[in-house]
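Report on the structure given below.
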Amino acid sequence: MPAMVRKLAQRLGMLQHSFVGGVHPNMHKLTADMVIEDVELAPMFVLPMKQHIGEICSPMVNVGDKVLRGQKIARSEGYLSVPVHAPTSGRVVKIEEHAIPHPSGMGLPSIFIESDGDDLSDQSIAPISDWINTDPTLLRERARMCGLAGLGGAVFPTFIKLVQDKRFPIETVVLNGIECEPYLTNDHRLMCEQSDAILEGMAIIRHMVGAASGIIAIEDNKPDAAQKMQQALDARDDMDGVSVVVLPTRYPQGSEKQLIYTLTGREVPAGKLPMHIGVLCQNVGTTKALRDAVVLGKPLTERIVTVSGDALPNPANLRVRIGTPVRTLFARQGLDDFSDIQIVHGGPMMGERLKHPDFPVVKSSTGLLVMSRPAMGAAHKVEQPCIRCGHCSEACPISLVPNLLADQCRSDQFEKAAQYDLFDCIECGACSYVCPSNIPLVHYFRYGKGQLALQRREQAFAEASRKRSEARDARIARENAEKAARRSQVRQTHAPKVETPKVDVPKTDADKAVGETAESKSVESKE
Amino acid sequence: MTEIALILLSSVLVNNFVLTKFLGICPFLGTSSKVETAVGMSFAVMFVMTVASTVSWLVQQYVLIPLELEYLQTIFFILIIAALVQFIEMMIHKTSPVLYQGLGIFLPLITTNCAVLGVAILNVQQEQTFLTSALYGFGAAVGFALVLILFAGLRERIEVAPVPTLFKGSPLALITAGMMSLAFMGFSGLVKF
Amino acid sequence: MTGLLYALASLGAFALVAGIVLAIAQKVFHIEGDPMVDKLDALLPQTQCGQCGYPGCKPYATAVACGEADVNHCVPGGERTMLQIADLMGVEPKDLEAEPVAPMLAFVREDECIGCTLCIKACPVDAIIGAPKQYHTVIADHCTGCTLCVEPCPVDCIDMLMKPELIEHWSWPLPDTKRAQLGHERREQHAGHG
């Protein structure tokens, strides 16, 4: 069916609900059949103080301190924040800035832990095996103190979503096992190997938010995962109202809002969260981590990372301690020469191209891809003029007009772009992928969003400065008035015979009388 | 009823004042760089044109013809239009200072907008009734507003498009206006009188 | 003769009616002050630095609104503020007078500070705290980098430092393709035209 017709039919609701647009990139799931391997302990771990979306943490250990695995080493300061834990036992050797996987190449304050090789665990967090009779708020606090953040790549603090709000009761829990990015197979393997643990996590989430129904969403290019999840589902008796749904493969189906629309036919309004339409969406990896935090009392210190790419000799799915330097991972998989390659953190569609391999694995590291420069070069050809073919509009899963937005961003018309819903863009990269003129559309959107955010920040700062300045002017005026009043009073007491009322004292006289004092000089100089 | 529909259709599309009669080109090019300004200008012109065509009809019928002063037609009509423009200028200044700044000199220049005077004089020439002359004025104004806003929308998009430097700005605006005019020529024959 | 009289009388009467209507309208739509001043003031960076030659941002906004000042005097606002002001006023943009400067922060070297409070009095946004004979310090989050505190310091212990770059405030640059840069330059050349 031509894309236009399909899109029209979808809009009119003639087809089963499915998000509009999308693309079918070559999936390159090289590691789909590879069992998750445990990675040996690295000699040194680097823990950046912010691995989630939100406010930065502050270190609570000192250089020289001994730490155990799972011990909290940095506390969260604000609400939108989760703490950081030590990935193994060892000694804190330094606390200083270190590069993190970020396109800017900039760093964050990080705690360096030298491993002692014993890998002793901190036992202070007690397992809760009887979670079904535990108060949901206690479990929510557990999710927060164990440092859980969305492991699908967005790293939004998990505990925030796990809440019972009377205004927005959660009806459906969606377990996101879509993994629509090419190359990545970490969720796929996790579903195959630890399906029961994932389902227990889902049961905990359902208990926490009180949701009646649940959906486990898997794309049809992972039939083995769907089968394993279905078997595990049948084996459990606490899973009424939960079903496994297999969806046709299409990118970006794994994006939260697109997935919810496809599954429920309900659209999450712009600027709202899924909870506002009664849906909670969790990644399978996060769900498993939640189960470990509750049932085993284990904070988030490891995650599954797909290490892949056409320039990597031995692709694999690895269970990696958070904080492991990626150089050691690449060396383990047979890559030592970093001269003619590109490193991508995350998937190839939404991940960041990084300038160097000197960064640690963090909570958001779904994948680490090593691409040869020719392969990347093919994907980044010279930008040609827009020929208005409209492919980008057809591919856009949120029905934006990418070519127009890119034009607006390029010519710095950010407010105009915002009117055309620039901020609803999820940066999925479908438009850039289909563009026959190789226009880096998403890059333009990121530029536009950044510049507009900068402008708004500056406006807010200017507004705050204006208020302070006005408050200062008002204060000085008040002080001057008070001084003038005091002086006229002084004059009256010194000359009691004059019976003129206070208001009649000529102002110029009052000013002159005390004009010589140093105090008033400084006041005048201020003005 | 058919007559009303025909008058509206013909004045909005077929005999569009800007694109087929080529009246009011000055504000058409001058206030079309932003859609917001174009919308403001459209409403101002709509008000002035509709009221001017009705009032001028009344003046023509009840002052000029009885007193045999038809030779004063232009002066009277301009007086009416100028007063109306002054009125709308004050109103816009009060209600939307930004629009007032944006329209700038083009707001008082509605007075010399030939489309406004054109409607008033055409009403007299074609011997319209009171109702049809009001409708004709309103229809002409809607036609003006339609093409002005369409043109502003086009120009906003052209402005961000990578076009050769040679054409940037006014040249491309004029070419666009010409093509819009060609398109509107296509409406002739839509209504047969 | 009567024709001429009729003409004069009717024209005069009509003009009188129009005049009365307009006079009433003037009363109804009377505006207090200039509403443009607040809108212009909102565009300015509110550093109150006085580099425009006016004592603060609001006075400059007032001067621009009544046509006394050009749109290109705001130094910290840079190119963008100039374009926004020109856009709001509906005038052609002008070249900036001064080179744009990187955002700065004032910093008091505390061991040299004698606690004279002169800088506190100079700060237009109350971003310096301290008391007589006590060390003063600059609240970094409130400092606008206006440099007004540097001059009054009797011991020259205030430095202007570059504002530190934060990873949270990092934003993507324009794509480094030729077309992107070209389109951007062209836009800047023609900013505000048409």
Side-chain angles (χ1 to χ4, degrees), chain A residues 48 50 55-56 97 100 102-108 380-386 406-407 409-413 415 437-455 457-459 461-473 475-476 522-523 525-527, chain C residues 38 41-49 55-58 61 76-81 83-84 87 103 116-118 120-127 139 141-146 152 165-188 190-191:
Chain A
K50 198 181 103 165
E55 285 139 277
I56 193 165
E97 198 166 289
I100 59 165
H102 189 271
S104 68
M106 290 159 82
L108 275 180
H380 293 274
K381 286 187 208 131
V382 180
E383 183 185 345
Q384 302 281 327
C386 174
D407 278 347
C409 290
R410 183 188 302 141
S411 43
D412 284 4
Q413 297 204 351
E415 290 293 345
S437 291
N438 303 307
I439 301 173
L441 292 152
V442 173
H443 196 149
Y444 281 117
F445 305 155
R446 285 170 166 169
Y447 167 72
K449 284 182 186 178
Q451 292 297 309
L452 201 55
L454 179 74
Q455 278 183 22
R457 213 159 47 230
E458 279 176 2
Q459 269 164 15
F461 182 70
E463 184 55 29
S465 300
R466 193 175 59 78
K467 284 206 181 111
R468 272 197 298 276
S469 164
E470 279 171 2
R472 175 176 179 270
D473 291 346
R475 190 189 66 226
I476 289 170
S522 75
V523 171
S525 72
K526 264 197 297 192
E527 291 163 352
Chain C
D38 283 337
D41 196 35
L43 293 178
L44 296 171
Q46 303 297 335
T47 50
Q48 320 293 348
C49 62
C57 290
K58 189 121 189 182
E79 173 111 9
R80 201 178 68 224
T81 303
L83 287 176
Q84 284 174 339
D87 194 43
C116 67
T117 77
L118 287 179
I120 296 180
K121 283 169 189 151
C123 181
V125 291
D126 284 340
I139 308 168
D141 285 349
H142 291 184
C143 177
T144 62
C146 66
E165 261 185 85
L166 295 174
I167 198 163
E168 295 88 39
H169 292 176
W170 178 84
S171 65
W172 285 82
L174 201 65
D176 55 358
T177 61
K178 224 183 209 166
R179 192 158 288 278
Q181 305 295 344
L182 199 67
H184 198 252
E185 276 163 25
R186 239 187 235 152
R187 160 75 191 161
E188 277 182 356
H190 286 264

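Just so it is clear: chains get the letters A, B, ... in the order the sequence lines come, proteins before strands, and each one is counted from 1. Side-chain atoms are counted along with the backbone in the values below, which use heavy atoms only and exclude waters and symmetry mates. From a predicted model like this one, the values you see are computed outputs, not experimental measurements.
- For the set Q48(C), E165(C), H169(C), the count of heavy-atom pairs under 4.5 angstrom toward chain A peaks at H169(C).
- Contact record, D141(C) with F461(A): O-CE1, 3.1 Å, taken as the closest heavy-atom pair.
- In this structure, D412(A) and L83(C) have side chains that are not in contact, with every pair of non-hydrogen atoms separated by 4.5 Å or more.
- Under the side-chain contact (heavy atoms from CB on, under 4.5 Å) test applied with Q46(C), the options R466(A), E463(A), R468(A) reduce to a single match, R466(A).
- Side-chain atoms of S171(C) and Q451(A), non-hydrogen and from C-beta on, do get closer than 4.5 Å to each other.
- Scanning both residues, W170(C) and H102(A), for their nearest heavy atoms gives CE3-CE1, 3.4 Å.
- Smallest separation of non-hydrogen atoms from I167(C) and G107(A): CD1-O, 4.0 Å.
- Options M106(A), K467(A), R446(A) differ in how many heavy-atom pairs under 4.5 Å they form with chain C, and the most are formed by R446(A).
- Ranked by heavy-atom pairs shorter than 4.5 Å toward chain C, the options A462(A), G450(A), A464(A) are led by A462(A).
- Looking at L43(C), neither its backbone nor its side chain comes within 4.5 Å of chain A, counting heavy atoms on both sides.
- Side-chain atoms of D126(C) and R475(A), non-hydrogen and from C-beta on, do get closer than 4.5 Å to each other.
- Heavy atoms only, all atoms of each residue included: K121(C) and R472(A) are closest at O-NH2, 2.5 Å.
- The structure places CD of E168(C) at 9.5 Å from CZ of R457(A), a figure rounded to the nearest 0.5 Å.
- Across W172(C) and Y447(A), no two heavy atoms sit closer than the pair O-CD1, 3.4 Å.
- Using a 4.5 Å cut-off between heavy atoms, C143(C) touches chain A through its backbone atoms (N, CA, C, O) alone.
- Contacts between L108(A) and chain C at a heavy-atom distance below 4.5 Å involve the side chain alone, from C-beta outward.
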